[in-house]
Amino acid sequence: MSLPAPDSSLKLAFDATLIPSTLSATLPPGLHLRPLASTDYHRSHLALLATLTQAPDIGEESWTARFDEMVALKGSYYPVVVVDSSSDQLVATGTLLIERKFIRGAALTGHIEDIAVSSSMQGKGLGKKIIEVLTALSEIVGAYKTILDCDPKNEAFYVKCGYENKGFEMARYT
Ligand code: ACO
């Protein structure tokens, strides 16, 4: 099986230059932070997300269709990943979703979603780095606030990332 295309020819989910180099340049050697790419199905994206929740293999065609939907909704989805260049596999990911509102003068809100660090790479600062990057992106695109839902067991992690508890989440599953 041929290897996925190198970084220089990847189709990315959003403009990589939006990511402040001051943040992406401070990863440990061999780790590279960039937007999700069209070939990341082959870099164990779904297996990485399974660290967080159910993420069954939907197949490359469905994965690519969802990637293309996100790209088409320009300015809405900012999925980022950390790649381990020695294995060419993803080791961390997270997404910023921008919500367009009528309130507060047609403001934007940033939602941080689907944060996952592969179990062997947890505790090395990658989760915090992903949150720093997504928060910076949210501010760069003009969101007046950035919010997220999390399990109480992760509250201390998000406090270390500069977030505070502002209430509780309610949900109704279909
Ligand atoms: N409780 C308390 N402190 C924590 C926790 C925790 N669960 N996790 C990390 N920390 C602390 C670390 O000790 C570190 O502290 P320090 O700066 O004083 O050294 C700091 O938070 C940063 O830790 P990282 O090493 O960046 O954390 P990591 O890379 O392991 O990522 C994460 C944390 C994302 C929770 C990871 O463990 C993970 O992927 N877990 C499984 C999936 C998950 O629960 N994702 C979050 C879902 S919520 C959402 O998506 C919005």
Side-chain angles (χ1 to χ4, degrees), residues 13-14 18-37 40-41 43-58 63 66-67 69-70 73 75-101 107-141 143-174:
F14 65 94
L18 279 175
I19 300 174
S21 56
T22 46
L23 295 178
S24 56
T26 50
L27 282 166
L31 298 180
H32 177 56
L33 190 146
R34 59 160 168 73
L36 184 71
D40 281 341
Y41 172 81
R43 296 185 179 86
S44 305
H45 183 235
L46 293 170
L48 173 59
L49 286 169
T51 311
L52 167 66
T53 188
Q54 296 174 39
D57 186 358
I58 53 176
W63 187 97
R66 180 49 46 90
F67 177 89
E69 278 177 349
M70 290 184 176
L73 291 166
S76 297
Y77 284 91
Y78 297 85
V80 301
V81 295
V82 174
V83 192
D84 181 342
S85 57
S86 64
S87 60
D88 197 28
Q89 295 292 296
L90 306 186
V91 294
T93 187
T95 294
L96 172 73
L97 169 62
I98 295 294
E99 175 195 5
R100 288 163 171 75
K101 304 179 88 71
L108 303 176
T109 294
H111 296 262
I112 285 182
E113 295 282 344
D114 296 349
I115 305 300
V117 178
S118 64
S119 48
S120 63
M121 296 295 277
Q122 290 177 8
K124 299 177 189 292
L126 296 184
K128 194 172 180 186
K129 179 65 67 182
I130 292 272
I131 299 300
E132 282 174 358
V133 167
L134 297 179
T135 304
L137 284 171
S138 187
E139 291 171 1
I140 286 164
V141 301
Y144 84 98
K145 69 174 179 182
T146 309
I147 57 178
L148 59 89
D149 293 326
C150 75
D151 189 287
K153 75 177 192 304
N154 287 328
E155 182 181 352
F157 164 69
Y158 287 109
V159 168
K160 289 202 166 173
C161 294
Y163 284 73
E164 60 180 328
N165 189 330
K166 293 289 280 185
F168 55 90
E169 173 195 5
M170 296 185 64
R172 175 170 159 160
Y173 286 81
T174 306

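Treat the numbers as computed from the prediction; the structure is a model and nothing was measured. Nothing fancy with the numbering, it's 1 onward along the sequence. Note that ligands are numbered from 1 as they come in the structure, with each ligand's atoms numbered from 1 the same way.
In terms of the ring-ring contact (aromatic ring centres under 6.0 Å, His included) criterion, Tyr163 has no residue partners (sequence neighbours excluded). Partners of Tyr77 according to the ring-ring contact (aromatic ring centres under 6.0 Å, His included) rule, which considers only residues two or more places apart in sequence or in another chain, do not exist here. Listed by chain and number, the residues in a side-chain contact (heavy atoms from CB on, under 4.5 Å) with Thr26 are Lys129 (sequence neighbours excluded).
Each of Thr93, Ile115, Val91 was evaluated against Leu126; a single residue qualifies, Val91, per the side-chain contact (heavy atoms from CB on, under 4.5 Å) test.
In plain terms, the two heavy atoms of Thr146 and Leu96 that are nearest each other are CG2-CD1, 4.5 Å.
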Give every pair formed by an N or O atom of ligand 1 and a protein N or O atom closer than 3.5 Å, one pair per line with both atom names and the distance to 0.1 Å, or write none.
residue: ligand 1; atom: 7 (N); partner: Lys153; partner atom: O; Å: 3.3
residue: ligand 1; atom: 7 (N); partner: Asn154; partner atom: OD1; Å: 3.4
residue: ligand 1; atom: 15 (O); partner: Lys160; partner atom: NZ; Å: 3.3
residue: ligand 1; atom: 18 (O); partner: Lys160; partner atom: NZ; Å: 2.9
residue: ligand 1; atom: 25 (O); partner: Lys124; partner atom: N; Å: 3.3
residue: ligand 1; atom: 25 (O); partner: Gly125; partner atom: N; Å: 2.8
residue: ligand 1; atom: 26 (O); partner: Gly127; partner atom: N; Å: 3.4
residue: ligand 1; atom: 26 (O); partner: Lys128; partner atom: N; Å: 2.8
residue: ligand 1; atom: 29 (O); partner: Gly127; partner atom: N; Å: 2.8
residue: ligand 1; atom: 30 (O); partner: Gly123; partner atom: N; Å: 2.9
residue: ligand 1; atom: 37 (O); partner: Gln122; partner atom: OE1; Å: 3.4
residue: ligand 1; atom: 39 (O); partner: Val117; partner atom: N; Å: 2.8
residue: ligand 1; atom: 44 (O); partner: Asn154; partner atom: ND2; Å: 2.9
residue: ligand 1; atom: 45 (N); partner: Ile115; partner atom: O; Å: 2.8
residue: ligand 1; atom: 50 (O); partner: Asp114; partner atom: N; Å: 3.3
residue: ligand 1; atom: 50 (O); partner: Ile115; partner atom: N; Å: 3.0

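Under the 4.0 Å criterion applied to side-chain N and carboxylate O atoms, Lys101 and Glu99 are assigned as salt-bridge partners.
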